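On a predicted model such as this, the values are computed, not experimentally measured, just so you know. Order of listing sets the numbers, starting from 1, for every ligand and every atom in it.
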Amino acid sequence: MKIVVLKFGGTSVGTTNKIKKVAEIIASYKKKNFKVIVVSSAMGGVTNELIKKSLEISDNYSDTEHDVLVSAGEQMACSLIAGRLIHRGFKSRSWLSWQLPIITVGRHKNSRINKINKNKIMKYLNEGGIPIVTGFQGINYENRITTIGRGGSDASAIMFAKFFKAERCVIYTDVEGVYTTDPNKLKKAKKIKVISYEEMLEMASLGAKVMQPVSIQDARLNRIDIEVKSSFKKKSGTLITKRSKIINNKIVTGITSTQNDSKVSLIGVKDKPGVAASIFKPLSKNLINVDMVVQNISANGKDTDLTFTVKTEDLNKTKKAIQENKYINYRKLMFEKGVSKISVIGVGMITTPGVTFRMFQALANKKINIQVISTSEIKISVLIDTKNTKKALIALHKEFKLDNKK
Ligand code: ADP
Ligand code: ASP
Ligand code: MG
């Protein structure tokens with residue numbers, strides 16, 4: 001029995017006309033005798049609207065109610081897809097996560113799918129039905145509705161592919177696949193035919209919104225190949241798979257940029273063991289994600305400067321946590337909004353020296369100042385002024401010969 005999991009993102013189900021097109025894609029798999037499980041996200045913009053409403057009610061909206069509220073978007077989209085398929089003469093119905101159930105573990109707003117009860121879906125598939133399942137949501141062991149993080153329908157689809165041992169898992173979206181950089185930011189971006197889990201995970205974590213990072217981790221752990229393709233154009237997409245299947249002579253596979261980052265600097269911090277831990281402890285307690293960190297070597301052996309980045313939405317919380325921290329001393333505290341992290345990613349870097357130099361030189365040639373640097377085996381990230389993002393993307397894309405020549 002050939003099972004295929006098809007996931008449609010918010011952009012693909014953004015209007016009723018688009019939903020009609022999505023129904024035709026689903027029908028085409030059914031006609032090829034696949035057993036089709038559909039996972040859908042909410043109509044584009046709906047989740048954001050719901051979050052906005054919650055913030056109008058309270059600036060400290062309860063996490064449990066947040067999940068009930070924002071999961072409503074997926075219910076609407078799934079019913080509309082099922083409704084269209086029924087209209088076209090197919091047997092179809094929507095399923096909400098609790099009706100299966102899809103069991104999650106972990107905190108509200110950021111849970112992980114742990115188990116999917118297959119019985120009802122299996123029975124329905126065997127009867128020739130097309131189940132349309134809500135992405136992004138589940139229920140926990142207390143029977144409360146949960147959600148699995150923004151963009152989480154990607155992870156829902158991967159988990160369906162895992163539990164149902166699907167032959168294929170296709171992520172339908174508004175672009176033709178994964179590109180060397182966001183095609184909506186750079187016209188010269190080129191579609192990548194095949195990419196490894198490792199590179200895709202770095203790209204997704206570093207700002208390539210096309211796939212949610214958790215979903216790539218799950219796919220990698222369970223060796224699930226992912227196809228990413230367009231809901232609107234009949235073109236081949238991108239295959240995300242294991243590294244050993246890929247023949248690649250590229251040094252850099254992709255480039256990413258982030259938005260809405262802020263830089264925090266503590267000047268004149270005592271240079272002694274335990275200081276960094278004292279600074280970061282209250283931040284981690286407040287669930288603030290600290291990203292790039294740099295500490296200067298202290299010139300006089302007594303004090304030093306510490307700089308790190310956080311998401312701008314966490315900046316006020318960060319300020320408060322530092323100012324209220326009685327365990328640290330510093331001379332001056334500085335904040336700067338409007339910084340962006342630009343990263344070049346590629347497994348080819350492991351075997352090719354000189355990538356760091358080429359990146360820094362390309363930015364220097366454009367007079368772009370690098371504020372913070374961080375590296376891993378397969379990526380180099382730099383922090384720059386947000387206003388230079390486009391210029392940096394163009395320069396690096398050209399430097400590493402990624403430009404689409406057409
Ligand atoms: P969906 O609604 O299908 O989940 P998303 O908005 O989450 O879609 O992701 C698709 C978007 O990701 C594209 O419109 C594109 O602007 C953005 N994107 C960012 N980086 C990349 C990249 N490297 N390749 C393709 N798309 C990218
Ligand atoms: N609708 C959810 C969101 O906007 C989940 C998803 O799009 O995958 O984050
Ligand atoms: Mg998405």
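Side chains of D218 and S215: no donor on one and acceptor on the other come within 3.5 Å. With no hydrogens or angles considered, no side-chain donor-acceptor pair links Y179 and N184 at under 3.5 Å. Side-chain N/O atoms of N140 and T146 include no donor and acceptor closer than 3.5 Å. For the residue pair K120 / Q99, no side-chain donor-acceptor distance below 3.5 Å is found, with atom types taken as modelled. Side-chain atoms of N48 and R150 form a donor-acceptor pair, as typed in the model, at a separation below 3.5 Å. Residues S196 and E199 bring a donor and an acceptor atom of their side chains to less than 3.5 Å of each other. Under the 3.5 Å distance criterion, with hydrogens and angles disregarded, a donor-acceptor pair is assigned to the side chains of T241 and D225. A donor atom on one side chain and an acceptor atom on the other are found under 3.5 Å apart for K185 and S257.
Residue contacts with ligand 1 for P183 involve side-chain atoms from C-beta outward but no N, CA, C or O (heavy atoms, distance under 4.0 Å). By the criterion of a heavy-atom distance under 4.0 Å, both the backbone and the side chain of V210 are placed next to ligand 1.
Using a 30° and 60° split on the angle between ring planes, Y124 and W95 fall in the perpendicular class, above 60°.
By heavy-atom distance, the residue among T181, D182, I255, T180 lying nearest atom 19 (C) of ligand 1 is D182. Heavy-atom proximity to atom 1 (N) of ligand 2, evaluated over K209, E74, Q137, is greatest for E74.
Contact atoms of ligand 1 toward M203: 23 (N) (distance under 4.0 Å to a heavy atom of the residue). Contact atoms of ligand 2 toward R150: 3 (C), 4 (O), 9 (O) (distance under 4.0 Å to a heavy atom of the residue). When each atom of ligand 1 is checked for a heavy atom of D174 under 4.0 Å away, the hits are 10 (C), 11 (C), 13 (C), 14 (O). Which parts of ligand 1 touch G177 is read off a 4.0 Å heavy-atom cut-off, strictly below it: atoms 24 (N), 25 (C). Close contacts of ligand 1 with V178, meaning ligand atoms under 4.0 Å from a residue heavy atom, involve 24 (N).
Once rounded to the nearest 0.5 Å, the distance linking CZ of R358 with CD1 of I251 reads 5.0 Å.
Here's the thing with S153: one of its N/O atoms is less than 3.5 angstrom from an N/O atom of ligand 2. Looking at ligand 1, you'll find an N or O of N184 within less than 3.5 Å of one of its N or O atoms. Checked against a 3.5 angstrom limit, the closest N/O atoms of K7 and ligand 2 fall outside it. Between K209 and ligand 1, at least one N/O pair is under 3.5 Å apart.
Within the structure, ligand 1 lacks G44 among the residues with a heavy atom less than 4.0 angstrom away. Ligand 1 is never approached by S12 to a heavy-atom distance shorter than 4.0 Å. Close to ligand 2: G151, with a non-hydrogen atom less than 4.0 angstrom away. Distances shorter than 4.0 angstrom do not occur between any heavy atom of Q212 and any atom of ligand 1. Distances from ligand 1 to the non-hydrogen atoms of K7 include at least one value under 4.0 Å. Taking a 4.0 Å cut-off on heavy atoms, G152 registers as neighbouring ligand 2.
Cation-pi check for K118 over F163 is not met; the charged atom does not lie both under 6.0 angstrom from the ring centroid and within 45 degrees of its normal. A cation-pi arrangement is present between K32 and Y29 under the rule of less than 6.0 angstrom and at most 45 degrees off the ring axis.
Among protein heavy atoms, the minimum distance from atom 24 (N) of ligand 1 is reached at Y179 N, 2.9 Å. Of the protein's non-hydrogen atoms, the one nearest atom 8 (O) of ligand 1 is T173 OG1, 3.2 Å. Taking atom 6 (C) of ligand 2 as the reference point, the nearest protein heavy-atom neighbour is S41 OG, 3.2 Å.
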M349 vs E377, side chain to side chain contact (heavy atoms under 4.5 Å, CB included): CA-CA, chis, key distance, verdict = CA-CA 7 Å; M349 275 182 212; E377 203 182 25; over 6 Å; no
